[in-house]
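The structure displayed is predicted, hence computed values, not measured ones. Naming: A, B, ... by sequence-line order, numbering from 1 per chain.
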Amino acid sequence: MRSTDLSFSLDDLNPSQKDAVTSTEGPLLILAGAGSGKTRVITYRIAYLLEKRKVPPYAILAVTFTNKAAGEMRERVISLAGKRGRPVWISTFHSACVRILRQHVEKLNVSRHFTIADANSSLKLIKDILKEMNVDEKVLSSRRVSWLISRAKNSLVGPENMSELEEVKRDHLLERMVQAYHMYEERLRGSHVFDFDDLLFFTYRLFEEHPDVRKSYEDLLHYILVDEYQDTNHAQYQIIRQLSTHRRNLCVVGDDDQSIYRWRGADITNILSFEQDYPDAKVVSLMENYRSTGHILKAASCLISKNMGRKEKELVAVRPDGLKVLAYSSFDERDEADFISANILDLMRREGFSSKDFAVFYRINAQSRSIEDSLRRQNIPYAIVGGVRFYDRLEIRDLIAYLRFILNPSDWTSFERIINSPGRGIGKVTMDRIRSAADPETTPEGAAKRTVAAGTVNKKTGASLQAFLNTITALREKTELVSLDEFVVCVLEDTGYLPALQSENTDESRTRIENLQEFRTVVDDFLKSEISEESVSGTEKLSTFLDQISLVSDIDSWADKGSTVTLMTLHTAKGLEFPVVFLSGMEEDLLPHYHSQGEPAELEEERRLCYVGMTRSKERLFLTMARRRRLFGKYDNAFPSRFFTDLPEENVEMHQDTPFPIPGLIRKGGIQASAGGETIPISEFHYEPEHVDGEETLPPGTQVRHPMFGVGQVMSVDGSGGEARITVYFPKGGKKRLIAKYANLQVL
DNA sequence: TACATCCTTCTTTTT
DNA sequence: GAAGGATGTA
C-alpha cells in the first residue's frame, strides 16, 4: 500500500500491526503480547485516523492508566502527526472523569468545586466513622471496610445494594458495613469531596441519569481507544460502554497475561469476553516479540502457559536466543543484594552496560532496603520508584490539606488535619466541641464560629481558634491576588507552619522544610506546563493543580533519563523495558505472596506478575532468591518460589556461584544440583526454630509423604498431638500448613 | 493539652 | 523495625 499522503510510513509496521492500525471502523480487540509494539500500534492508529480518515482530533479519546503513559502517547502522536495531534484527548481514566465531572456534576446535586480525597484521608474518615459506631477495629478493621467500599464502588454498587457484593453477602457484619458505607457517603457528600472511586462511579451515574450529557460525549467522541484493557474494572468497563454503544468504534488493547490489578477491582473477564460483548468484533493478535532475546521469552512463555484462565497463545521471539536466564539462590537478603551489585558492576565493566540499563524488581517495597544498602556500599547510583511517596509525607499532606480547605470550605477531613498543625492549643476536646456544634449542613468554619460564640471553650483556645479562622479567610482572599507559587509561600508563612518548623531547628524539621521547598518546584513545573492557562482565575488554577497532584502515580514522577539503576515493584514495572533485569525475592510467600495463596485466581495473578517482570528484560535476566530473609525485623527461612518449577531447563540455569540448589534447575557447568527436583537437602537451610515442643515427633527436616503432594520436608510443627499444625514444604506443591490428624502424612 | 513511652501491627501491589 | 495508636504523666 502506498501511503504518500501520510506524514509517516505504514511500512514501519508488520502485517498484523498494520491491520490493527488500519482497521478503524467497528469494535476491535488488539491482543498485544509483551514487547509486541503496542504503543507503536496505538500511536500510529491515532495518527492514521487523523491523517488518512480525516477524523478531527477532538473526536478521538484514548484512555490509559498512568499519566506517564498518556504523556508518552501524546508525544508520540504529535511526533507522527504534528501539532494536529495536540487536541486529541489522551488521558487517564480518572483525569478524564474529573474533567467530565467538573463540567456537569452539578446535575447530580454535587458542587462542581469538589476536592479529591487521597487514600489516607478516606481511610482516616472510615476510622472515625467506625469509632463513632463503636466498632472494634479487631472485629472489623478500617482497612477492610475501606477495601470493601472501594470494591463496591468499582462494581457500581452503592450502600443500599451492598449486600449484592459477593465478598460480603453472608457476612454477619454486613449490617455494620452497610451502615459504615452509608455514613462514609454522607460525610463525603457533606464535605463536597470525592474519593478516587467516586470519580468513576459518579461519571457513570451522570451518564446514566442524564442521557443528554452522555449523548453529548457520544456525539463528540467518534473513536475511543482503551489501553491496558485487561486492567479495567467494572466501572471503567461500563463507562466505556456508555460512550461507545452508538458508534461502536471502540478499540481496546491489552494482554490478559499482564493483568495484575485484580486486587484493586480489575476484572480480567472484560478482556476475555470482549468478543461476546461485541460479536462482530475484529481481533488482531500481535504475537511477535521484539524486545527480549529467545531464552528470556521462552522461559517467560513457559511460565505463563501454566495459567488456566487465559487465552491460548504463543509469543514468537524475533530476536536470537541470547543468553540463558540465570537463577541465583543466596544465603540471605544481604547476600542476594550483593550478588545483584556485583553483577551490575561486572556487566558494566566487561560488557559496557551503563547504570541506566539495569532494573531491580521486587514484590514488596520493603525489599528495596537491602538492595539499596548494597548499591550504596558499591557506589552504584540508583533511583527508587515508589516507596514512601513524596505526597504521603506529613508536611506535604499538611500543606495540601491547607490548600484543599482554602478551596473547599466544606472539607472536614482537611480541616481536622490542619486545625492544630502547627500547634495552636486546639486538641481533642475542642475539636469534639466544634464537631458537636455542627449539623450536616454547616462548614467547619461555621461550627468553629459557633463554638467560639457559645463560649464553651476557654478564652485562650477561643482566641486561637478565631485567629486561625481569620488567617484562612485572609488567605482565601489572597487566592485571586497573587500567583500560585507566591500563594503557597503565603500559606506556609501566614499559617505559622513554616515559622514553627524553622524554630524547631532539628534535622527532622530541616528535612521537612526541604520537602516543602521541593513542593514549590512542583508548583513551578505545573505553572510552566500546558495544563496551566494564563487566563483562568487563581481559584481555578489552584483547583486544577490539586486535581493533578491528587491523581499522580509513582511511575509518573520517574524521569528515566538519569544515569542510575532503577528499583521498583513488579507492579510499577508494567509497560517498561530494560536491557538487564534482576527479579529478586523469588520465594514462596513473597512471590507468590503470602496473601495470594488462597484462591487459584490469586495465584494466577502472582504468576502473571512474575511474567510481567521477566518480560521487561531485553538482554539479561536474573532470578534471585534468599534462603532466609528478614521481614518485620526477624529472620524467616524461605523456600524457592514454585514458579521456578514452571520454568524450562533449556532456558534457565543456575548461576555458577549459587551456593544453594534450586529444585529442577541445573547448575551452570552441568553439575546436577538436586536429585530431579525430588528433595531439597534441608541441612543446607539455616534454622532458627521459634519454639521446640517437647513432644515433637517431627523435627524440622523430617521427610514425609503426603497422598496428594508427594514427598516433602517438615519445616515446623506448632502444637502437639492430633491438633498439631505441621508446615511442610513440598517441591511439587509449595509450602502447606496441615493439621496432623487429617494430613495423613507418612514419615519416611 | 502536649509530650513521652510503650505497644501493636504491619506490608502486598496503587489510580 | 517503623509508624501509628493507646496510655500515662506533666
| query | Would you call Arg151(A) and Asp197(A) a salt bridge, using N to O less than 4.0 angstrom? | reply | no
| Sugar-phosphate, base or nothing in reach of Ser550(A), heavy atoms under 4.0 Å | nothing
| remark: By salt bridge (charged side-chain N to carboxylate O under 4.0 Å, His left out), Asp231(A) pairs with (sequence neighbours left out) Lys574(A)
| remark: When Leu631(A) and Thr92(A) are each assigned the nearest nucleotide of DNA chain B, the 5'-most assignment goes to Leu631(A)
| said: Just N and O in the side chain of Asn67(A): are any of them under 4.0 Å from OP1 or OP2 of dT15(B)? | reply: no
| field | Nearest-nucleotide pick for Ala366(A), side chain only, options being dT15(B), dT11(B), dT13(B) | value | dT11(B)
| query | Is it the case that Arg205(A) places NZ or CZ above or below the six-membered ring of Phe202(A), under 6.0 angstrom from the centre and within 45 degrees of the axis? | reply | yes
| request: Return the nearest nucleotide to the side chain of Ser553(A); candidates are dT14(B), dT11(B), dT15(B). | output: dT15(B)
| note | Ranking dT15(B), dT11(B), dT13(B) by distance to the side chain of Trp263(A), first place goes to dT13(B)
| said: Would you measure the distance from the C1' atom in dT11(B) across to the matching atom in dA6(C) and give it in whole Å? | reply: 22 Å
| Lys/Arg-Asp/Glu bridge criterion (N-O < 4.0 Å) met for Arg630(A), Asp332(A) | no
Might you list the N or O atoms of the protein lying below 3.5 Å from N or O atoms in nucleotides 1-7 of chain B, with each pair's distance?
unit_1 : atom_1 : unit_2    : atom_2 : d
dT1(B) : OP1    : Val429(A) : N      : 3.1
dT1(B) : OP2    : Gly427(A) : N      : 3.4
dT1(B) : OP2    : Thr430(A) : OG1    : 2.4
dA2(B) : OP1    : Gly425(A) : N      : 3.2
dA2(B) : OP2    : Asn420(A) : ND2    : 3.2

| Atom-pair distance (CG on Leu394(A); P on dG5(C)), nearest Å | 12 Å
| request: Measure from CD on Gln367(A) to P on dA2(C) and round the result to the nearest Å. | output: 17 Å
| said: Under 4.0 Å from OP1 or OP2 of dT13(B): is there any side-chain N or O of Arg264(A) that close? | reply: no
| field | Proximity to the side chain of Thr569(A) - top-ranked nucleotide from dT11(B), dT13(B), dA6(C) | value | dT13(B)
| Which whole-number value in Å describes the distance from Tyr261(A) OH to dT15(B) P? | 7 Å
| field | Nearest-Å distance for atom pair CD1/P, residues Ile364(A) and dT13(B) | value | 6 Å
| note | With sequence neighbours left out, the residues meeting side-chain hydrogen bond (donor to acceptor under 3.5 Å, both in side chains) with Thr430(A) are none
| request: Select base, sugar-phosphate, or nothing to describe what Asn365(A) touches, counting heavy atoms under 4.0 Å on all strands. | output: sugar-phosphate
| task | Measure from NZ on Lys574(A) to C1' on dT13(B) and round the result to the nearest Å. | result | 12 Å
| field | Whole-Å gap separating P (dA2(C)) and CG (Asp392(A)) | value | 18 Å
| Nucleotide nearest His571(A) (side chain, heavy atoms from C-beta), chosen from dT11(B), dG1(C), dT14(B) | dT14(B)
| query | Using a cut-off of 4.0 Å on non-hydrogen atoms, how would the nucleic acid contact of Lys127(A) be classed: base, sugar-phosphate, or nothing? | reply | sugar-phosphate
| task | Check every atom of dT13(B), dT15(B), dG1(C) against the side chain of Phe196(A) and return the nucleotide holding the closest atom. | result | dT15(B)
| task | Could you check how far CD1 of Ile260(A) sits from P of dT15(B), rounded to whole Å? | result | 11 Å
| field | Residues which pass salt bridge (charged side-chain N to carboxylate O under 4.0 Å, His left out) with Arg369(A), listed by chain and number, not counting sequence neighbours | value | none
| request: Not counting sequence neighbours, which residues clear side chain to side chain contact (heavy atoms under 4.5 Å, CB included) with Asn420(A)? List them please. | output: Arg424(A), Ile426(A)
| request: Have a look at Arg369(A) and say if it touches a base, only the backbone sugar-phosphate, or nothing, with a 4.0 Å heavy-atom cut-off. | output: sugar-phosphate
| So, is Ser95(A) near the phosphate of dT15(B), with a side-chain N or O under 4.0 Å from OP1 or OP2? | no
| message | Under the rule for side-chain hydrogen bond (donor to acceptor under 3.5 Å, both in side chains), what residues qualify as partners of Arg607(A), not counting sequence neighbours? | response | Asn307(A), Asp646(A)
| Met568(A) CE to dT14(B) P, straight-line distance once rounded to whole Å | 11 Å
